[in-house]
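Start at 1 and go down the list; that is how both ligands and their atoms are numbered.
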Amino acid sequence: MDDLIEEQIRYYRQRAAEYDATTRPEDDPFAAISAEARDALRRLAPVEHAIELGAGTGAFTAVVAEIARRVTCVDAAPEMLELNRAKVPAADVERVVADVFVWRPTAPAALVVFTFLLSHVPAERFVAFWDGVRTMLAPRGRVFLMDETRHGLWREERAPESGSETAYRQLADGRRFRIVKVLWDPDELSERLAQLGWEARLVRRDPFFWGTARPTSRRPPRRARRGATIASRRNAAPACRDAGMR
Ligand SMILES: C[S@@+](CC[C@H](N)C(=O)[O-])C[C@H]1O[C@@H](n2cnc3c(N)ncnc32)[C@H](O)[C@@H]1O
């Protein structure tokens, strides 16, 4: 699995320069849906400190910087963060090149944001990921997340030899990489998060979903930590060449 995570990070490093044009072209058919999600994020204002995991080129960083006095953006791809800095030059945005599975903040934040990152978290790291996010949150803090759902509008090319969660991605120059792609149905995600001690409020607008999640306790129930994810069992799909592909 570590090899796959490393390959995924290499992919995003190489994809950085073409990421915006391929995910959000000028004629983006999902622009209105994305605007709805940004408005939902805006409604979480005001925030003192926000952490954005997998911030990428900054598709949501401007909104995070708008609602928070101070922002910490984390991404494993320095190329992504350079583009992020160019897009959101605000002085109160700190950028950290780090693996979100390892990185921990020096102080917890009122808001942790991750858009189109959760689908790149493998099932076997799902619990550890959310436990990590919990440690990043201040008391009464919350998460805002957005991702692709199981929509059926396109199908990614899968790499079944590397496990059911693995998809192939191709760059403009033809190079291919394997990445993790776990599509969540928001109801099933809410159910799974409830087992881990989170209360999620998610809305679905295919091909996406978004919303907030709050810990219901400081420590997750032990029983839930052993469960397999629903998404890992039901993940289906083959290669999107679509604007929705993150
Ligand atoms: C699909 S992009 C999403 C970017 C941005 N949040 C957006 O909405 O466009 C996923 C981002 O997560 C980053 N990423 C993937 N795995 C990571 C990891 N383990 N640690 C840190 N960043 C990671 C990638 O470099 C990439 O910038």
Under 3.5 Å: N/O of V100 near N/O of ligand 1: yes

Do any nitrogen or oxygen atoms of E52 lie less than 3.5 angstrom from nitrogen or oxygen atoms of ligand 1? no

Does ligand 1 come near enough to G54 that some N or O of the ligand is less than 3.5 Å from an N or O of the residue? yes

Looking at atom 8 (O) of ligand 1, what's its closest protein heavy atom, distance included? T115 OG1, 2.7 Å

Proximal atoms of ligand 1 relative to R24 (non-hydrogen, under 4.0 Å): 7 (C), 8 (O), 9 (O)

For atom 26 (C) of ligand 1, which candidate among I9, D75, V74 provides the closest heavy atom? D75

What atoms of ligand 1 come closer than 4.0 angstrom to any heavy atom of R246? 1 (C)

Gap separating the CG atom of L81 from the CZ atom of R13, nearest 0.5 angstrom: 10.5 Å

Counting both backbone and side chain atoms, is some N or O of A76 under 3.5 Å from an N or O of ligand 1? yes

Does E188 pair with R150 as a salt bridge, N-O distance under 4.0 Å? yes

Using a heavy-atom cut-off of under 4.0 Å, does the side chain or the backbone of A98 touch ligand 1, or both, or neither? backbone

At a 4.0 Å cut-off, with the gap strictly under it, does some heavy atom of Y19 reach an atom of ligand 1? yes

Going by the atom numbers of ligand 1, which of them fall below 4.0 Å from some non-hydrogen atom of A77? 25 (O)

Check this for me, if you would: do K181 and E165 make a salt bridge, where the nitrogen-to-carboxylate-oxygen distance has to be below 4.0 angstrom? no

Got an N/O contact under 3.5 Å between T57 and ligand 1? no

Near H120 (heavy-atom distance under 4.0 Å), the atoms of ligand 1 are 1 (C)

Answer yes when D185 and R204 have at least one side-chain N-carboxylate O distance shorter than 4.0 Å, and no when they do not. yes

Say whether Y11 and R15, considering side chains only, have a donor N or O and an acceptor N or O under 3.5 Å apart. yes

For atom 10 (C) of ligand 1, grab the closest protein heavy atom and report residue, atom and distance to one decimal in Å. F116 O, 3.6 Å

Examine Y12 against ligand 1 and note whether any of their N/O atoms are separated by less than 3.5 Å. no

So, are R176 and E157 salt-bridged, with charged N and O less than 4.0 Å apart? yes

Quick one: are the ring centres of F30 and F208 less than 6.0 Å apart? yes

One thing to verify: whether R95 and E82 come together as a salt bridge, which I'm taking to mean a side-chain N less than 4.0 angstrom from a carboxylate O. no

Under 6.0 Å between ring centres, would you say that holds for W184 and F126? yes

What protein heavy atom lies closest to atom 14 (N) of ligand 1? Include the residue and the distance to one decimal. L117 CD1, 4.0 Å

Under 3.5 Å between any N/O of D99 and any N/O of ligand 1: does that happen in this structure? yes

Honestly, for F101 the part within reach of ligand 1 (heavy atoms, under 4.0 Å) is side chain

Taking 4.0 angstrom as the limit and counting only heavy atoms of A55, give me the atoms of ligand 1 inside it, by number and element. 5 (C), 6 (N)

Value for CH2 (W130) from CG (L193), rounded to nearest 0.5 Å, stands at 4.5 Å

Identify, by atom number and element, the atoms of ligand 1 in contact range of Q8, meaning under 4.0 Å from any of its heavy atoms. 16 (N)

Looking only at atom types and distance, does a side-chain atom of E18 sit under 3.5 Å from a main-chain N or O of A172, one as donor and one as acceptor? yes

Show which atoms of ligand 1 fall inside a sub-4.0 Å distance from at least one heavy-atom site of M80. 27 (O)

Looking at ligand 1, does M146 have a heavy atom less than 4.0 Å from it? no

Hydrogens and angles aside, do E52 and T61 bring a side-chain donor and acceptor to less than 3.5 Å of each other? yes

One should read off an interatomic distance between F177 CZ and L4 CG, to the nearest 0.5 angstrom, of 12.5 Å

